[in-house]
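Order of appearance sets the numbers: ligands from 1, and atoms from 1 within every ligand.
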Amino acid sequence: MEDTNPEALLDLLIVGGGPAGMSAALVAGRAMLSTVIVNAETPRNAVTTASHGFLTRDGAHPTELLAVAKGQLRKYGTVRYLAETVEAVRKLGGGFEVELVDGARFMTRRIVIATGYRDDLSRLELPGIEQVYGKSVYPCIFCDGFEHRGERLAIFGREDADHYAPKVRLWSDDVIVFTNGTPLPPDAKAELELRNVRVLEHPIRRLVSENGRLRAVELSTGDRIERDAGFIAEDYSLAATTFAEDLGVATSRNEWGMEALSADDFGKTAVPGVYVVGDAKVGFGGLIWSASEGAGCAESIVGEIAAEHWATANVSATYTDRRS
Ligand SMILES: Cc1cc2nc3c(=O)[nH]c(=O)nc-3n(C[C@H](O)[C@H](O)[C@H](O)COP(=O)(O)OP(=O)(O)OC[C@H]3O[C@@H](n4cnc5c(N)ncnc54)[C@H](O)[C@@H]3O)c2cc1C
C-alpha cells in the first residue's frame, strides 16, 4: 500500500473494511483502480472468539480475518488502507468528497459504503445479554449452531420465533422459545408445541451465566430454566452509518421484510457513483456472502470504468498512467 495524493481524484473510495469492503478493495486494486479504503476496525462480530462458515477461514478469530486481509492488500500499490473513521460524505462536482474524523479529505469518482450494521442489545430487553452475546447466545444459527449441537437451546424473541424454530430443531431436540412477555399467536404456538418445542411467554428477569456461558433463563415467576446456549429471533440491529441515505439512496422493504437500502445484486444504487455492499445492504449477510458482494461490486465498477475509457477518444495516456 503506497501513499496516494489526497488531492487527487480517486477512482474509488471504500468506507468500511469488513469482508465486504476489503474484498472490494482487493478486486479494485488488482484492476489498477486508485483506491482508498477507510476502516474504523470495529467488525460486527468482534465479540466472538471464532467465526464460522467461511471456507478456508472456518474458526478464525475476527481480528485474524482483518489481519490477513490487511496483509494481502499491502502488496497492491493501487490501494491505500487507512485505519480511520469517515465523518461525512458529500456530493461535490462530478464526484464525492469524503471527510475523515481526523480532518483529512478525499475526492473520489465512486464510493462504496461497506460500513455494516451494529447490534443494539438494549433493544432486546434481556438483562444479562452482554455477558453471553457472541459467546453462547448468538444472532445466527448457521454461524454458531454446530458448536452447540445437541445442547439445551433457547430461542429468544417473538417476531421470528416460529420461522426460526424449524431450523434450530435441526441442531437439537431440546429447544424452548422464550417470548419475554409477549404472547405468540395461538396458531404459531400450537405448531411449535406439536413439534415438541416449548413456548414460555413470561417476561425474562435475567440470563444467568458463568464466564460467558449461558446457564439458565430466569423468568419473572422466579423459575430458572436451564439452557446451554441461545439464538435471537428479534430485530435489534441498525445500520452503522447513514452515508448512503445522506447521498440520496432510497430504502425499500427487502425480501426478508426489512427496510433496507435499495441496490441491485452488485450493490449499485440509483444514485450514480454510490454502491452499498455487505451487511450495510442486507442487514445480516454473513462473512462469505459479504466478501462475495464486495468482490462482485468491484468487478461491476471495473466494468463501468473500462467501458468509459473505451468510449473516450485518445485514452492511451490514461492507460499508461494507470499501469506505471
Ligand atoms: C455475534 C456475531 C457473530 C457472528 N458470527 C459469524 C460467523 O461465525 N460467520 C459469519 O459468516 N458471519 C458471522 N456474523 C456476521 C458477520 O459478522 C457479518 O455478516 C459481517 O461482518 C458483515 O461484513 P461487512 O463487511 O458487511 O461488515 P463488518 O464486518 O461489520 O465491517 C464493517 C466495517 O466498517 C467499519 N466502519 C463503520 N463505520 C465506519 C466509518 N464511519 N468509517 C470507517 N469505517 C467504518 C467498521 O469499523 C467495520 O470494520 C456474526 C455476527 C455477530 C454479531
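- Numbered from 1 in the order shown, with element, the atoms of ligand 1 that lie under 4.0 Å from a heavy atom of C143 read 5 (N), 6 (C), 7 (C), 8 (O), 9 (N), 10 (C), 12 (N), 13 (C).
- Side-chain atoms of S209 and Q131 include no donor-acceptor pair closer than 3.5 Å.
- Within the listing of ligand 1, atoms 25 (O), 29 (O), 31 (O), 33 (C) sit less than 4.0 angstrom from a heavy atom of G18.
- For atom 17 (O) of ligand 1, the nearest non-hydrogen atom from the set V101, N45, I232 comes from N45.
- Taking NZ of K70 as the reference point, atom CG of L65 lies at 13.0 Å (rounded to 0.5 Å).
- Within the 4.0 Å heavy-atom criterion, the part of P139 lying near ligand 1 is the side chain and not the backbone.
- Taking the six-membered ring wherever Trp is involved, the centroid distance between the rings of H148 and Y138 falls below 6.0 Å.
- Cation-pi geometry between K268 and Y275 is not met at under 6.0 angstrom from the ring centre and within 45 degrees of the axis.
- Of the heavy atoms in F142, none comes closer than 4.0 Å to ligand 1.
- Rounded to the nearest 0.5 Å, atoms CG (D187) and CG (D162) are 10.0 Å apart.
- Ligand 1 has no atom lying under 4.0 Å from any heavy atom of W289.
- Residue contact check: R44 has heavy atoms under 4.0 Å from atoms 30 (O), 53 (C) of ligand 1.
- With a 4.0 Å cut-off on non-hydrogen atoms, D119 touches ligand 1 through its side chain and not its backbone.
- Contact annotation: for M22 versus ligand 1, there are no heavy atoms closer than 4.0 Å.
- Taken from CD in E151 to CG in D228, the straight-line distance is 4.5 Å, to the nearest 0.5 Å.
- Using a 4.0 Å cut-off between heavy atoms, T48 contacts ligand 1 through its side chain alone, with no backbone atom that close.
- Residue contacts with ligand 1: P43 is included, with a non-hydrogen atom under 4.0 Å away.
- Counting atoms of ligand 1 from 1 in the listed order, those under 4.0 Å from a heavy atom of D279 are 18 (C), 19 (O), 20 (C), 22 (C), 26 (O).
- Summarising the geometry of D235 relative to R123, their closest heavy-atom pair is O-NH2, 3.9 Å, with the distance given to 0.1 Å.
- For Y133, the heavy-atom gap to ligand 1 drops under 4.0 angstrom.
- Taking a cut-off of under 4.0 Å to the non-hydrogen atoms of G278, the atoms of ligand 1 that pass are 26 (O).
- Checking V15, N39, T242 against atom 35 (C) of ligand 1, the nearest heavy atom belongs to N39.
- Between L12 atom CG and T35 atom OG1 the span is 5.0 Å, to the nearest 0.5 Å.
- The shell of residues lying under 4.0 angstrom from ligand 1, judged by heavy atoms, includes F284.
- The shell of residues lying under 4.0 angstrom from ligand 1, judged by heavy atoms, includes E84.
- Here the protein heavy atom with the shortest distance to atom 46 (C) of ligand 1 is T42 OG1, 3.3 Å.
- Any N or O atom pair closer than 3.5 Å counts here, and A40 shares at least one such pair with ligand 1.
- Residue-level proximity to ligand 1 for A20 is carried by backbone and side chain together, each with a heavy atom below 4.0 angstrom.
- The ligand atoms of ligand 1 that sit less than 4.0 angstrom from a heavy atom of G17 are 33 (C), 34 (O).
- Put simply, CZ on F178 and CD1 on I225 are 5.5 Å apart, with the number rounded to the nearest 0.5 Å.
- A cation-pi geometry, defined here as NZ or CZ lying under 6.0 Å from the six-membered ring centre and within 45° of its normal, does not hold between R57 and F54.
- A donor-acceptor contact closer than 3.5 angstrom links the side chains of S237 and R44.
- Taking every non-hydrogen atom of T85 and a distance limit under 4.0 Å, the qualifying atoms of ligand 1 come out as 40 (C), 41 (N), 42 (N), 43 (C).
- Side-chain atoms of D119 and Y236 include no donor-acceptor pair closer than 3.5 Å.
- Distances below 4.0 Å separate heavy atoms of V47 from the following atoms of ligand 1: 1 (C).
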